[in-house]
Undergrad: 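Could you have a look at this structure, given as structure tokens, before my questions?
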Amino acid sequence: MAVTSTDPREPVLSGATVVVIGGSAGIGLETARLARAESAEVILTGRNADRLAQAAADLGAQRSAAFDATDPAALERFFQDLPGPVDHVMVTAGRPYYGLLADMDVEQARRSFDEHMWLPINVARLATGRVRPGGTLIFMGGTGARRPHPGLTVAAMGTAALPAMTANLARELAPIRVNLIAAGFVDTPLSAQLLGDDLDRRRERLRATLPIGRVVGPADVAALAVHLMVNTALTGATYDIDGGQQLLPG
């Protein structure tokens with residue numbers, strides 16, 4: 001007769017410390033929630049102090065820090081003030097910029113570039129000596145701007161550059177591992193802000209057309225992020241998560 005084990009699964013992040021930059025909402029918050037469920041200590045950052053405090057209290061975070069992560073001096077102070085070495089750093093701060101050249105808000109476009117390009121570089125620069133060997137840096141990118149379309153010029157720069165940056169950082173920072181998650185549409189509060197009244201239509205269209213038959217949510221991305229943390233064979237690569245959206249006709 002077959003014997004079925006009843007031993008509970010061991011948490012995969014027991015004893016680890018996970019930093020989530022942009023951890024007060026959406027993908028960052030969901031990743032922190034899953035890390036806590038896997039017995040990690042979490043440290044959260046975000047720009048909105050009230051929302052961050054609520055998230056930290058809800059999760060029982062080890063600590064939190066409210067600041068603008070695109071401010072290099074503030075980011076450096078945060079890393080200097082960490083109580084000790086950490087195991088994983090995930091960067092989800094920032095929002096994409098969409099807009100035609102004729103209508104471009106240059107300041108918003110520049111901020112988006114700073115969030116998606118300079119922030120990962122600065123995090124990588126500060127990680128040495130603070131992230132344990134074999135730990136991870138995980139950055140967030142996207143898949144939507146891989147197909148040329150008016151209004152995607154700024155977003156396309158990050159879409160094209162982040163995979164190459166990730167691969168180079170993985171070589172330079174080894175044995176720290178560096179990976180990139182490239183997401184399609186994810187049903188988050190940020191998506192709701194960007195789409196407004198079109199949100200429900202987008203959801204319905206994706207449910208009807210995506211091969212997975214549903215919309216990708218923050219928990220899907222969080223599960224991938226935690227896998228990247230614990231699978232020590234993974235570094236220097238880009239992992240798409242879009243429910244098969246790229247397989248659809250343009």
Side-chain angles (χ1 to χ4, degrees), residues 20-23 25-35 88 90-99 112-113 115-117 119-120 136-167 169-170 177-231 233-250:
V20 183
I21 297 175
I27 291 169
L29 177 58
E30 199 62 36
T31 300
R33 193 188 314 280
L34 182 56
H88 310 288
M90 183 171 182
V91 181
T92 65
R95 58 190 296 163
Y97 179 83
Y98 304 121
S112 180
F113 186 85
E115 290 169 341
H116 290 92
M117 300 300 297
L119 176 56
T136 56
L137 304 182
I138 302 174
F139 303 129
M140 283 296 307
T143 63
R146 289 177 183 171
R147 293 173 176 171
H149 193 275
L152 296 183
T153 299
V154 174
M157 292 192 301
T159 298
L162 279 171
M165 178 192 298
T166 297
L169 289 174
R177 297 179 293 113
V178 186
N179 288 295
L180 173 68
I181 295 176
F185 175 87
V186 183
D187 201 348
T188 64
L190 176 58
S191 297
Q193 290 179 23
L194 293 172
L195 290 172
D197 294 339
D198 290 331
L199 177 63
D200 287 336
R201 284 192 291 272
R202 174 69 69 84
R203 287 169 172 161
E204 289 304 316
R205 185 165 66 250
L206 291 172
R207 290 189 189 107
T209 58
L210 286 181
I212 63 171
R214 64 177 180 84
V215 178
V216 176
D220 298 307
V221 184
L224 175 56
V226 169
H227 177 69
L228 295 178
M229 294 175 193
V230 301
N231 189 330
L234 303 179
T235 193
T238 298
Y239 298 87
D240 292 357
I241 180 166
D242 68 355
Q245 191 171 355
Q246 293 177 93
L247 305 177
L248 304 176

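As a basis for the values below, the full set of heavy atoms in this structure was taken, side chains included, without hydrogen atoms, waters or symmetry mates. Everything quoted here is computed from the prediction, not taken from an experiment. Sequence positions, counted from 1, serve as the residue numbers for this chain.
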Undergrad: For V221 and M140, which heavy atoms make the closest approach, and how far apart are they?
TA: CG1-SD, 4.1 Å
Undergrad: Once side chain to side chain contact (heavy atoms under 4.5 Å, CB included) is applied, do any residues pair with P211, and if so which ones, sequence neighbours excluded?
TA: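 P211 satisfies side chain to side chain contact (heavy atoms under 4.5 Å, CB included) with L247, L248 once adjacent residues are dropped.
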Undergrad: Which pair of non-hydrogen atoms, one from M90 and one from A225, has the smallest distance, and what is that distance?
TA: SD-CB, 3.7 Å
Undergrad: Which residues satisfy the side chain to side chain donor-acceptor pair (under 3.5 Å) test with E115, sequence neighbours excluded?
TA: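 Here the qualifying residues are R111.
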Undergrad: May I ask you to decide if M229's main-chain N or O and R177's side chain share a donor-acceptor pair within less than 3.5 Å?
TA: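 Judged by distance alone, yes, a pair lies under 3.5 Å.
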Undergrad: How long is the gap from OH on Y239 to CG on L224, to the nearest 0.5 Å?
TA: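 Going from OH on Y239 over to CG on L224, the span is 8.5 Å.
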Undergrad: I need the full list of salt bridge (charged side-chain N to carboxylate O under 4.0 Å, His left out) pairs touching residues 208-229, with sequence neighbours left out, sorted by first then second residue.
TA: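 Found R214-D220.
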Undergrad: Please give me the minimum heavy-atom distance between N179 and L234, naming the atom from each residue.
TA: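 Closest approach of N179 to L234, heavy atoms only: ND2-O, 3.0 Å.
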Undergrad: Identify, with sequence neighbours excluded, every residue that meets salt bridge (charged side-chain N to carboxylate O under 4.0 Å, His left out) alongside R202.
TA: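 R202 satisfies salt bridge (charged side-chain N to carboxylate O under 4.0 Å, His left out) with no other residue.
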Undergrad: What is the distance from atom CG of L228 to atom OG1 of T235, rounded to the nearest 0.5 Å?
TA: 10.0 Å
Undergrad: Do you know the tightest heavy-atom contact between A182 and T238?
TA: CB-CG2, 3.9 Å
Undergrad: The criterion is side chain to side chain contact (heavy atoms under 4.5 Å, CB included); which residues satisfy it with L137, sequence neighbours excluded?
TA: V89, V123, A124, A127, V131, F139, L173, I176, V178
Undergrad: How far apart are the closest heavy atoms of R147 and L152, and which atoms are they?
TA: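 Answer, listing the atom of R147 first, then L152: O-CD1, 3.8 Å.
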Undergrad: For T136, give me all partners under side chain to side chain donor-acceptor pair (under 3.5 Å), at least two apart in sequence or on another chain.
TA: H88
Undergrad: Indicate yes or no: at least one non-hydrogen side-chain atom of T31 is less than 4.5 angstrom from one of T92.
TA: no
Undergrad: Inspect the contact between E204 and R201 and indicate whether a charged nitrogen and a carboxylate oxygen are less than 4.0 angstrom apart.
TA: no
Undergrad: Quick one: salt bridge (charged side-chain N to carboxylate O under 4.0 Å, His left out) partners of D197, sequence neighbours excluded?
TA: none
Undergrad: List in chain and number order the residues that pass side chain to side chain donor-acceptor pair (under 3.5 Å) with T188, two or more places apart in sequence or in another chain; answer none if no residue qualifies.
TA: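 With sequence neighbours excluded, T188 shows a side chain to side chain donor-acceptor pair (under 3.5 Å) to S191, given in chain and number order.
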Undergrad: Enter the distance from I181:CD1 to I27:CD1 here, rounded to the nearest 0.5 Å.
TA: 8.0 Å
Undergrad: Return each pair, listed once, that meets salt bridge (charged side-chain N to carboxylate O under 4.0 Å, His left out) where at least one residue sits in residues 150-159; pairs must be two or more places apart or across chains.
TA: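 Passing the test, one end in residues 150-159: no pairs.
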Undergrad: Hey, what do you get for CZ (F113) to CE (M157), rounding to the nearest 0.5 Å?
TA: 5.5 Å
Undergrad: Heavy atoms only: give me the nearest P189-G26 pair and the separation to one decimal.
TA: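 Between these two residues, the closest heavy atoms are CD-CA, 4.2 Å.
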Undergrad: Could you work out, with side chain to side chain contact (heavy atoms under 4.5 Å, CB included) as the rule, every residue matching M165, not counting sequence neighbours?
TA: M117, P120, I121, L162, L169
Undergrad: What residues form a side chain to side chain donor-acceptor pair (under 3.5 Å) with D240, not counting sequence neighbours?
TA: R146, Q246
Undergrad: Sequence neighbours excluded, which residues qualify as salt bridge (charged side-chain N to carboxylate O under 4.0 Å, His left out) partners of D242?
TA: none
